[in-house]
Amino acid sequence: MLYPVPAVMVSCGRENQRPNIITVAWAGTVCSDPAMLSISVRPERYSYDIIKETGEFVVNLVTKDLVFATDYCGVKSGRDVDKYKEMGLTPLVSQKIDAPGIAESPVNIECKVVQELALGSHTMFVGEVVNVTVEDTYLNETGKFELNSTGLVSYSHGEYFLLGEKLGKFGYSVQKKKK
C-alpha cells in the first residue's frame with residue numbers, strides 16, 4: 001500500500017544474446033554511501049535469470065514519452081519479442097557494465113548486484129550504483145541536473161501518472177521566513 005512508486009524500465013543482457021527490458025514498479029534507493037538501489041523481480045520473469053547470472057542491470061527512468069513502451073515492456077516477455085526493436089528504443093552502451101541502458105531515458109543508472117534476497121513472490125536485487133548517465137538537455141546553465149523537468153512518471157494501483165505540482169522542498173517546514 002506504499003504508493004505511488006516510480007515506474008522504471010530495467011535493462012539487462014547476456015553475452016551473444018539480445019538485451020531485454022523489464023518494467024519494475026518495486027524499485028528504490030536503499031543507501032547513499034555507497035550509492036545503492038533495489039529492484040524486485042519475480043523468478044519466473046525472463047530478466048530474472050539474466051540479472052542473476054550476470055549480476056548487472058541498468059535502471060532507466062521513465063518519462064511521459066516512454067509510458068507506452070514502459071507498459072509494453074511490462075506485459076510482453078523478452079522470451080518472445082525484442083522489446084528494443086518493437087518499441088523503437090535504442091540500446092545505450094554502458095560505461096562500467098555490459099548490460100545496455102535505454103538511450104531515450106533521461107537517466108540510466110548502471111548497477112552491479114551486491115546482494116540478493118529471496119522474499120517469496122519476488123527476489124530483491126540490491127545493486128551498487130557504478131555509473132549514472134544523464135541526458136545533457138536537462139542540465140541547466142550551471143550544470144545542475146534538473147531531474148524534475150524531465151516529466152517523470154509514477155505508478156499507482158495499475159495506473160501511470162505524470163508527476164506534477166511542487167509542494168515544498170526539503171527543510172522548508174523549519175526554514176526561517178523572510179521578513
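Fair warning: this is a prediction, and the values are worked out from it, not measured in the lab. Hydrogens, waters and symmetry mates play no part in the numbers below; they use all other heavy atoms, side chains included.
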Self-check item: Distance, nearest 0.5 Å, that separates CD1 of Ile109 from CG of Leu61
Solution: 5.0 Å

Quiz item: Would you say the side chains of Asn140 and Thr142 form a donor-acceptor pair under 3.5 Å?
Solution: yes

Practice problem: Taking the side chain as every heavy atom from C-beta outward, state whether Val107 and Val132 have any pair of such atoms under 4.5 Å apart. | Solution: yes

Quiz prompt | Side chains of Glu104 and Thr90 in contact at under 4.5 Å (non-hydrogen atoms) | solution = yes

Quiz item: Is it true that a side-chain atom of Asn60 and a backbone atom of Met9 form a donor plus acceptor pair closer than 3.5 Å?
Solution: yes

Quiz item: Is there a side-chain contact between Ser105 and Leu66 (heavy atoms, below 4.5 Å)?
Solution: yes

Quiz item: Does a donor on one side chain and an acceptor on the other come within less than 3.5 Å for Gln95 and Asn131?
Solution: no

Quiz prompt | Contact summary for Tyr155 and Tyr3, nearest pair of heavy atoms | solution = O-CD2, 3.5 Å

Self-check item: Nearest-0.5 Å distance that lies between atom OG in Ser77 and atom CG in Asn20
Solution: 7.0 Å

Quiz item: Apart from Met36 itself, what residues make up its hydrophobic cluster, given side-chain heavy atom links below 4.5 Å?
Solution: Val30, Val114, Leu117, Leu119, Met124, Val126

Exercise. Apply the test salt bridge (Lys or Arg N to Asp or Glu O under 4.0 Å) to residues Glu86 and Lys76: give CA-CA distance (whole Å), side-chain angles for both, the deciding distance (0.1 Å), then the verdict.
Key: CA-CA 10 Å; Glu86 292 299 317; Lys76 290 291 189 176; over 6 Å; no

Exercise. May I ask you to decide if the ring planes of His122 and Trp26 are parallel, tilted or perpendicular, using 30° and 60° as cut-offs?
Key: tilted

Exercise. Indicate, with yes or no, if Tyr46 and Val113 share a hydrophobic cluster defined by side-chain heavy-atom contacts under 4.5 Å among Ile, Leu, Val, Met, Phe, Trp and Tyr.
Key: no

Quiz item: Could you give the distance from OH (Tyr48) to SG (Cys12), rounded to the nearest 0.5 Å?
Solution: 13.0 Å

Practice problem: Could you walk me through whether Val58 and Val10 pass the side chain to side chain contact (heavy atoms under 4.5 Å, CB included) test, one step at a time? | Solution: CA-CA 5 Å; Val58 181; Val10 174; over 6 Å; no

Quiz prompt | Heavy-atom check, side chain of Ser156 versus side chain of Phe161, under 4.5 Å | solution = yes

Quiz item: Short question: side chain of Thr23, backbone of Gly74 - any donor-acceptor pair under 3.5 Å?
Solution: yes

Exercise. Take Tyr160 and Ser154 through the test side chain to side chain contact (heavy atoms under 4.5 Å, CB included) and record every step on the way to the result.
Key: CA-CA 6 Å; Tyr160 302 96; Ser154 65; over 6 Å; no

Self-check item: Closest approach of Pro106 to Tyr138 (non-hydrogen atoms, all atoms of both residues)
Solution: CB-CE1, 3.8 Å

Quiz item: CG of Asp49: more than 12 outside heavy atoms within 6.0 angstrom?
Solution: yes

Quiz item: Do Tyr84 and Ile21 come close enough that some side-chain heavy atom pair is under 4.5 Å?
Solution: yes

Quiz item: Are any side-chain N or O atoms of Arg18 and backbone N or O atoms of Gly78, one a donor and one an acceptor, separated by less than 3.5 Å?
Solution: yes

Exercise. Just do the side chain to side chain contact (heavy atoms under 4.5 Å, CB included) check on Asn148 and Leu163 with the steps written out, would you?
Key: CA-CA 8 Å; Asn148 294 328; Leu163 294 181; 5.7 Å; no

Quiz prompt | Whether over 12 other heavy atoms sit under 6.0 Å from Phe68 CZ | solution = no

Self-check item: Heavy-atom side-chain contact between Ser38 and Phe125 under 4.5 Å
Solution: no

Quiz item: Hey, does the side chain of Lys112 reach the backbone of Glu56 with a donor-acceptor pair shorter than 3.5 angstrom?
Solution: no

Quiz prompt | CG on Leu37 to CZ on Phe57, rounded to 0.5 Å | solution = 5.0 Å

Quiz prompt | hydrophobic_cluster_shared for Ile102 and Val8, side chain cutoff 4.5 Å | solution = no

Quiz item: With distance as the sole test, does Glu110 use its side chain to make a donor-acceptor pair with the main-chain N or O of Val129 at under 3.5 Å?
Solution: no

Quiz item: Is it true that a side-chain atom of Ser11 and a backbone atom of Pro100 form a donor plus acceptor pair closer than 3.5 Å?
Solution: yes

Quiz item: Does Glu128 reach the main-chain N or O of Pro34 with its side chain, forming a donor-acceptor pair under 3.5 Å?
Solution: no

Exercise. Identify the two heavy atoms, one from Cys111 and one from Val130, that lie closest to each other, and give their separation to 0.1 Å.
Key: N-CG2, 4.3 Å

Quiz item: Nearest 0.5 Å, what's the OG1-CD distance between Thr54 and Gln17?
Solution: 10.5 Å

Quiz item: Applying the 4.5 Å side-chain criterion to the ILVMFWY set and letting contacts propagate, would Val24 and Val67 be lumped into a single cluster?
Solution: no

Quiz item: Quick one: does Arg45's side chain get under 4.5 Å of Ile22's, heavy atoms only?
Solution: yes

Exercise. Kindly compute the distance separating OG1 (Thr70) from OH (Tyr72), expressed to the nearest 0.5 Å.
Key: 13.0 Å

